[in-house]
Structure formats: C-alpha cells, structure tokens
There are 2 protein chains.
Amino acid sequence: MDATPGRGSAGLAVSDGPSAENGQLLGIGAAAARAGVSERALRYYQQLGLLVPTCTTSGGLRRYSPDNIARVERIRELQTLLGLNLDEIATVLRNEDRMAQIRRTYHDERTSDEERRRLTRECLTLQESLRATVEAKRAALEGFLSDLDARIRHTQDLLAGRDN
Amino acid sequence: MDATPGRGSAGLAVSDGPSAENGQLLGIGAAAARAGVSERALRYYQQLGLLVPTCTTSGGLRRYSPDNIARVERIRELQTLLGLNLDEIATVLRNEDRMAQIRRTYHDERTSDEERRRLTRECLTLQESLRATVEAKRAALEGFLSDLDARIRHTQDLLAGRDN
DNA sequence: TCGGACCCTTACGTCAACGTCAGATCTGGC
DNA sequence: GCCAGATCTGACGTTGACGTAAGGGTCCGA
C-alpha cells in the first residue's frame, strides 16, 4: 500500500539512500531543541509509532525533516491543549495521515469522480470526529468561564455599592 | 477565627461531637459513589489537604457532607477541564476558601466599610488570576477549533465541486 | 586517520495519581 | 453482646511519559 517512496506524510518512511541531498535534515539533538522537547521524547514517540524520522543514516542515526518537527509540535498541542494521551494522539495522527493520503489520491488523475466524492466524504467523517471532541471541550470551558465571570461580576457589584 | 461551628467552607473541619444530628452525611463508600471517584481518591485528596470531611466519628470514620461532594466534583472539573495537577488545584481551592472566608467577614456587621472594600478588591484579584489561565486556555482551544473548521470547510468545498 | 561531538540501544529510575491488598477496627442492627 | 459489613491505616504495585546513566557506535573536519 502506497508504494511510492519518499512522501509518507512525515510519519511513515523507513530508510533512505545515503546520497540523498539533505534538504534541511536535523540530527536528533537539533530537532529536539527546535521542537522544544527532549531527545528521549523523540525516541519514545518513534517507539510508539507516532513519529518516524524521514530518514536514517546507514549507521542508524535519525534525521528529522521540518515536517517531522511540525508533527512533534502537533503532538505537544494535542497533549497540552486537548489533554489527550499518546494513545489517543496516535489515533488522531493516523486519521490525519489517512487524510493526507486521501488528498494525494484525490489529485491523481486516474481517480474517478465517484471515488473522489467517496474519499471526500470519508475525510469529512474523520474531521468531524475530532471536531466533536474539541467542541465539547470548548463548550465545557466556556461554561466554566462564564460561571467564573458571573462570580466576578457579583464581586464587582459589591465594590460598586450594590449590597449582596 | 470563625468560632461558629459547622461552616468551614467544606474543607477545614476536624471532628465533631458524636450527637450531631447527621444532616445527610455519607460514609466514604457512598460519598465516593456519589462523586464518581474511588474511596482511595478521597483519602488521597485528604492526605494532600484538598478535602477534609466535615466530620469524623469518634472511631475515626470519615463523614462527608454534600458540600464535600461538591468540592470533589470541583476537583475533578479542575483536573479534566483545565488539566491542572493536584498541587495547582490546591492553590485554586485555597483561593476559593479564602474568598468564602472573606464573604463571611464581609457580612459581619463589625467589619468597617473600608475593610469591606479592601476584602472585595482582594477577592477580585484572586478571581482574575484564575480567570486569566482559563481564558488563555479557551483562546488556545478556540484557535485550534477554527483551524479545524477551516480545514473542514475546505473539504466541504471539494465535495461541492469547487476544485482545490 | 583520528579525535571530539553526536548518537545508538538497553535498562533502570522517577513522579503523579491513584489501585490494591492485608490485617486491624468501627458501626449499626438484632 | 455479637457479627456482618463498612472503614481504617500502612505499604507496596501500576501506568504513562518520559529522565538518566552506561557502554558502546557514527560522523566529519583538521
């Protein structure tokens, strides 16, 4: 599946000819620094299948592309903003990888119009599933905040002179 | 400070005469069930000073009031919604306890008007500090969501016929 | 070619937030 | 008074997400 080498949406390459012309690939140290995480974290993400460096040297050294870095930032975002664990994040990323693949298939001229509509609808489903959880979280937070604001207004009323 | 027995903002009582007329106090099992947490969690929260049952029997059994249950629910809310750890939650709860105390002092007739204004301003400060972190989180989530929505709209455009 | 910087795997350590188990204790109803 | 069931206090176990240290390989510029 997906035999075309090279573009695997920043997560699914395995190795690389040694003569690739190194377009801004970073060692694990620089990559970690740039993404604001530890080297250990990058290896750990790889171990869980969240992030595979776009290429590795013949000697086994990991080389990270800018796309890889972006993926790490995405992981952190999903962690801190949504509070997802790495398992749930894996699912989200799998969905996003699937969507990227769909987009490539979509633009392939051999894809029929009917297939295109099917793929597009699949994309929508995947996106909506994430949107639902995010929206739920946002609504809950909104409620929390408005509750807080109500209490703040109450306190301000006290300051302004209106009793209890 | 605050010699009137009973009302300690649901977190700061220690023991109780054995003849208290038991107004809906729950054992740890029932309390845990009602709050949707484990008994261990309740003991753990107490150990960290987050939650002290309003009374304990002479034999050392914990008795939880409805206010205690509400406090547990508050703890869970702060955990899941805001992603705070129990240490940060302790700070938030200390602030809220302080505000409750301020409210009591406020309504004491012996409190001068000037003192009242001072306390009210202190309340406002405490509330704003929490509000800031919540609002930051909300904004971040909002951004995440709108980004998601943009991508969904793009996909929907594809479905509707508009290319790329 | 060689040395220092960088990187590898393996494996054990850590921290928060509880889970779980054992053995003793308390409570309430009969 | 007595017993079943709820609860108590340790104390050790667990899980996720890494930290950290050891003992080696890799890479590349002088």
**Request:** Flag yes if more than 12 heavy atoms outside A:Arg43 fall under 6.0 Å of its CZ atom; otherwise flag no.
**Result:** yes
**Request:** Flag yes if more than 12 heavy atoms outside B:Arg151 fall under 6.0 Å of its CZ atom; otherwise flag no.
**Result:** yes
**Message:** Any side-chain N or O of B:Gln79 below 4.0 angstrom from OP1/OP2 of C:dC18?
**Reply:** yes
**Prompt:** Quick one: is D:dG19 close enough that its OP1 or OP2 comes under 4.0 Å of any side-chain N or O from A:Ser38?
**Reply:** yes
Counting heavy atoms from C-beta on, name the nucleotide in [options] closest to the side chain of [X].
X       : options                : value
A:Asn85 : D:dC8, D:dA17, C:dC18  : D:dA17
B:Arg43 : D:dG19, C:dC18, D:dT9  : D:dT9
B:Tyr44 : C:dA17, D:dC18, C:dG28 : C:dA17
B:Ala41 : D:dG16, C:dC7, C:dC18  : C:dC18
B:Leu61 : C:dC26, C:dA16, D:dT26 : C:dC26
A:Thr57 : D:dC18, D:dC27, C:dA17 : D:dC27

Check the distance between [N]'s [atom2] and [X]'s [atom1] and give it to me in whole angstrom.
X       : N      : atom1 : atom2 : answer
B:Ile75 : C:dA16 : CD1   : P     : 17 Å
B:Ile28 : C:dG19 : CD1   : P     : 12 Å
B:Glu88 : C:dA17 : CD    : C1'   : 14 Å
A:Glu39 : C:dC6  : CD    : C1'   : 8 Å
A:Tyr64 : C:dC6  : OH    : P     : 16 Å
A:Leu86 : D:dT15 : CG    : P     : 16 Å

**Message:** Regarding B:Arg76 and B:Gln79, do their side chains bring together a donor and an acceptor under 3.5 Å, going by distance alone?
**Reply:** yes
**Asked** Which part of the nucleic acid, if any, lies within contact of B:Arg62, taking any heavy atom under 4.0 Å across all strands shown: a base, the sugar-phosphate backbone alone, or nothing?
**Response** sugar-phosphate
**Prompt:** Want to settle it: does A:Gly60 or B:Gly59 sit nearer the 5' end of DNA chain C, counting the closest nucleotide to each?
**Reply:** A:Gly60
**Request:** Could you check A:Leu84 against B:Gly29 and say which one's nearest nucleotide on DNA chain D is further toward the 5' end?
**Result:** B:Gly29
**Request:** Confirm from the modelled atom types if B:Arg40 and C:dT20 form a donor-acceptor pair under 3.5 Å, side chain to base only.
**Result:** yes
**Message:** Just verifying a value: how many Å separate B:Ile152 CD1 and B:Leu145 CG, rounded to the nearest 0.5 Å?
**Reply:** 8.0 Å
